[in-house]
Amino acid sequence: MEIDDGAAGPGDGVLDFSRLSLNSLSVDGISEERRRDTTQLYLNYNRLASLPSSVCLFSNLEFLDVSNNGLSVLCEDVTRLVKLRTLIAKNNRLDEFSLPKDFGSMQLEVLNFSGNRFEEIPLQCVKLRRLQSLSLGGNRLKSIPAEIEDATSLELLYLGGNLITAIPPELANLRYLSYLVLCDNRIQSVPPQLTRLHSLRSLSLHNNLLTYLPREILSLVHLQELSLRGNPLVVRFVKEMTYDTPSLLELAGRTIKSRNIPYSPRDLPSHLLHYLDLASKCPNPKCAGVYFDSCVRHIKFVDFCGKYRLPLMHYLCSPECTSPCSSNPQSDAESEDESSVPADRLQRVLLG
């Protein structure tokens, strides 16, 4: 269908060709000046099976919406849109094979592929160095690639409504990430490395399979909203887990560290010095013990905002350790160790 200037809608750099039942795009009726001045182009709610190459005639395009079409492929020419910053392609038929090879060289800042057929996050997406917002909700994703750490400018990551079972620790390397949405997946645990997300303000984990949270989550000092409803941790929790007997090496290391036995590089080989440096202090304030590889995992209830008591994973040096993680919830209130999170720290905990 040929479009002319009269059908293009208002000026100010905006062309709106949405809801015209287009299955192709001919711009012969649009003046060269109008194409050059266009910065926003709306092609949503049409019948396009592929992104028309004629889109690339809008050389100054900054915003492109091709949502709610039948798109199964993005043409190679899209990479010629060097000024494009926002691409919205929701509710199409795109998958990981639909993108051009050089897609990762674009200067996109906002990319929305929600409601498509992706089973993997295309590596071209994580190569977008300027990308600040990535949305892939409502697809068929089963995992998050470790290469997600390459999207170093990400501030918002929306992956809700997929089939994801695990969060890779590499996600914690996204230093600017403020909003992380992983709701409606199949995630069973949260890696403690996420505490390195110092900019994180909102974490959505509702409707997953979580039975506990890592105690390190208390270190997210800027976290204001935590959504957890629809997880097993709300209605059930683990009190105690298996304990592997410490090796002779660990027993010796514990003795050296807990009794402050002096040693120097002249006394021990380098690999033992390194091993001793890996000692973790038992978090029980009444215990001076340490552990290396063998520890007891307990669940500690922590008071969030004076309303909710959430089970956080807690590590102790041995089963005999006097535990601040007693199975009696009332005993937690007497613990001196991170017994609560102030209401001004975490403004919303969504459980219901």
Side-chain angles (χ1 to χ4, degrees), residues 51 62-64 73-90 92 94-183 185-187 189-205 214 216-217 219-220 222-223:
L51 184 65
E62 298 175 3
F63 177 98
L64 175 60
V73 64
L74 298 183
C75 62
E76 291 281 348
D77 290 338
V78 72
T79 59
R80 293 166 51 192
L81 295 172
V82 295
K83 295 187 178 181
L84 192 65
R85 297 294 178 265
T86 299
L87 175 58
I88 311 296
K90 300 182 295 182
N92 283 290
L94 300 171
D95 58 28
E96 54 270 26
F97 305 107
S98 300
L99 307 185
K101 184 176 67 172
D102 294 331
F103 187 79
S105 66
M106 299 183 69
Q107 301 300 307
L108 290 173
E109 296 176 357
V110 177
L111 179 59
N112 192 329
F113 281 150
S114 292
N116 279 281
R117 300 179 178 181
F118 290 93
E119 295 186 6
E120 300 176 359
I121 297 178
L123 294 185
Q124 295 100 311
C125 293
V126 302
K127 292 180 181 178
L128 295 164
R129 299 303 184 199
R130 297 184 59 170
L131 192 63
Q132 299 174 16
S133 174
L134 175 60
S135 298
L136 279 159
N139 278 277
R140 304 169 183 176
L141 302 177
K142 298 178 182 177
S143 63
I144 304 173
E147 290 84 356
I148 192 69
E149 65 181 356
D150 295 334
T152 54
S153 298
L154 266 187
E155 297 177 11
L156 182 150
L157 180 59
Y158 190 105
L159 299 176
N162 282 287
L163 305 171
I164 298 168
T165 58
I167 305 173
E170 289 82 4
L171 191 65
N173 295 327
L174 300 176
R175 57 183 300 188
Y176 299 113
L177 195 64
S178 299
Y179 300 92
L180 177 57
V181 181
L182 296 170
C183 58
N185 278 286
R186 300 176 180 179
I187 298 169
S189 63
V190 177
Q193 290 88 345
L194 286 197
T195 57
R196 300 205 303 268
L197 293 174
H198 300 302
S199 299
L200 196 64
R201 301 173 65 86
S202 177
L203 177 58
S204 295
L205 293 168
E216 290 86 352
I217 202 169
S219 301
L220 293 171
H222 296 295
L223 190 64

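Side-chain atoms are counted along with the backbone in the values below, which use heavy atoms only and exclude waters and symmetry mates.
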Open item on the list: For a quick test of reading the model, state the closest non-hydrogen atom pair linking K101 to Q124 and the distance between them.
Closed with: O-CG, 3.8 Å
Open item on the list: Pair L64, L51 - check side chain to side chain contact (heavy atoms under 4.5 Å, CB included), show working.
Closed with: CA-CA 11 Å; L64 175 60; L51 184 65; 4.3 Å; yes
- [ ] To the nearest 0.5 Å, tell me how far I167 CD1 sits from I187 CD1.
- [x] 4.0 Å
Task: Check: L141 main-chain N/O paired with N185 side-chain donor or acceptor under 3.5 Å - done: no
- [ ] Before giving the answer on side chain to side chain contact (heavy atoms under 4.5 Å, CB included), spell out for Q107 and V82 the whole-Å C-alpha distance, their side-chain angles and the decisive distance to 0.1 Å.
- [x] CA-CA 7 Å; Q107 301 300 307; V82 295; 6.0 Å; no
TODO: Supply the atom-to-atom distance L74 CG to T79 OG1, rounded to the nearest 0.5 angstrom.
DONE: 10.5 Å
Open item on the list: Does any part of the side chain of L174, heavy atoms only, come nearer than 4.5 Å to the side chain of L180, both counted from C-beta?
Closed with: no
- [ ] Give a yes or no answer on whether the side chain of S199 reaches the backbone of Y176 with a donor-acceptor pair at less than 3.5 Å.
- [x] no
- [ ] Supply the atom-to-atom distance E119 CD to R140 CZ, rounded to the nearest 0.5 angstrom.
- [x] 6.5 Å
Task: Y179 vs E155 side-chain heavy atoms within contact, under 4.5 Å - done: no
Task: N/O donor-acceptor pair under 3.5 Å between D150 side chain and I148 backbone - done: no
TODO: Write down the atom of L223, the atom of S202, and the distance for their closest heavy-atom approach.
DONE: CD1-N, 3.9 Å
Task: Main-chain N/O of F113 paired with N139 side-chain donor or acceptor, under 3.5 Å - done: yes
Task: Check: S153 side chain, R129 main-chain N or O, donor-acceptor pair, under 3.5 Å - done: yes
Task: R186, CZ atom: more than 12 neighbouring heavy atoms under 6.0 Å - done: no
TODO: Would you give the length of the straight line joining atom CG of L108 to atom SG of C125, rounded to the nearest 0.5 angstrom?
DONE: 9.0 Å
Open item on the list: Could you measure the distance from the CG atom of L157 to the OG atom of S204? Nearest 0.5 Å is fine.
Closed with: 11.5 Å
Open item on the list: Give me the atom names and distance for the closest heavy-atom approach of P122 to E96.
Closed with: CG-CA, 4.1 Å
Open item on the list: Consider side chain to side chain contact (heavy atoms under 4.5 Å, CB included). Of L194, L203, L200, which one does I217 pass it with?
Closed with: L203
- [ ] In plain terms, say whether R85 and E62 are close enough for a salt bridge, that is, a side-chain N and a carboxylate O under 4.0 Å apart.
- [x] no
Open item on the list: For a 4.5 angstrom cut-off between non-hydrogen side-chain atoms, does L156 reach S135?
Closed with: yes
Open item on the list: Would you say CZ of R175 has more than 12 non-hydrogen atoms from neighbouring residues, nucleotides or ligands within 6.0 angstrom?
Closed with: no
- [ ] Could you check if a side-chain atom of L182 sits within less than 4.5 angstrom of a side-chain atom of I144, using non-hydrogen atoms only?
- [x] yes
Open item on the list: Show the nearest heavy-atom pair for residues V78 and M106, with the distance to one decimal.
Closed with: O-CE, 3.3 Å
- [ ] To the nearest 0.5 angstrom, please state how far the SG atom of C183 sits from the CG atom of L205.
- [x] 8.5 Å
Open item on the list: Ignoring hydrogens, what is the shortest heavy-atom contact between N116 and L94? Give both atom names and the distance.
Closed with: OD1-N, 3.0 Å
